Structure formats: structure tokens, C-alpha cells
Amino acid sequence: MIPAALAAGELRSAPGLPHEQFWYAGASTVRPWWVRITGNLAPRSVVFQNAVRTASALAPARQFLTSVLRRGG
């Protein structure tokens with residue numbers, strides 16, 4: 001019910017929820033994307049930490065495979 005009212009532009013706040021709950025309802029298209037991107041680039045972000053872990057694991061694997069393939073197997 002609340003999402004439908006937000007989409008129709010009829011609801012600005014919901015009873016029992018803080019006003020900040022739907023901050024994105026009146027924001028421009030760029031603002032939610034910007035919040036999401038900057039949030040994911042924070043050092044404490046799980047997405048950022050997983051990206052660092054993955055890169056840390058793939059770098060040695062790439063080096064190993066490159067050296068094996070250059071030797072001919």
C-alpha cells in the first residue's frame with residue numbers, strides 16, 4: 001500500500017515510520033544512485049570489502065596461470 005502511494009505521489013510520510021524512511025521518494029533520479037555508489041565505496045562497505053578480497057585472491061592466481069601458460073603447461 002505504501003509503495004503504491006509513493007509511486008502515485010500521494011504519500012509523503014507513513015504513520016509509525018520516521019520521515020527519513022522514504023527520503024528517496026522526492027529525490028531526483030541521480031541522488032539515490034549517488035548515495036548507493038558512495039556507500040559502496042566506503043571502506044566499511046561489505047561490497048567494497050568483498051571486491052578487495054576477490055581482487056587479492058585473483059591477482060596471485062592470474063600470475064600463477066600466466067607463468068604456467070608461458071612455460072607451456
Side-chain angles (χ1 to χ4, degrees):
M1 194 75 166
I2 292 173
L6 281 172
E10 299 170 0
L11 183 67
R12 291 292 170 227
S13 65
L17 294 174
H19 184 330
E20 300 85 26
Q21 182 75 24
F22 300 111
W23 64 269
Y24 54 86
S28 68
T29 304
V30 176
R31 178 78 175 133
W33 281 102
W34 181 251
V35 169
R36 187 174 189 172
I37 289 168
T38 56
N40 287 339
L41 291 176
R44 294 190 60 153
S45 166
V46 173
V47 173
F48 180 76
Q49 291 175 7
N50 286 339
V52 170
R53 285 188 196 107
T54 302
S56 300
L58 287 177
R62 177 184 278 176
Q63 288 293 103
F64 174 74
L65 282 176
T66 303
S67 68
V68 168
L69 293 174
R70 282 189 182 158
R71 279 190 270 150

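This one's a predicted model, so the numbers in the text were calculated from it and none came from an experiment.
What you find for P60 and A57 is that their closest heavy atoms are CD-O, 3.4 Å. Closest heavy-atom contact between S45 and G39: CB-O, 3.3 Å.
A donor-acceptor pair under 3.5 Å links the side-chain atoms of T38 to the main chain of W34, judged by distance alone.
Atoms OG and CD, from S56 and Q49 in turn, are 11.5 Å apart once rounded to the nearest 0.5 Å. One finds the CZ atom of F48 at 10.5 Å from the CG atom of N40 (value rounded to the nearest 0.5 Å).
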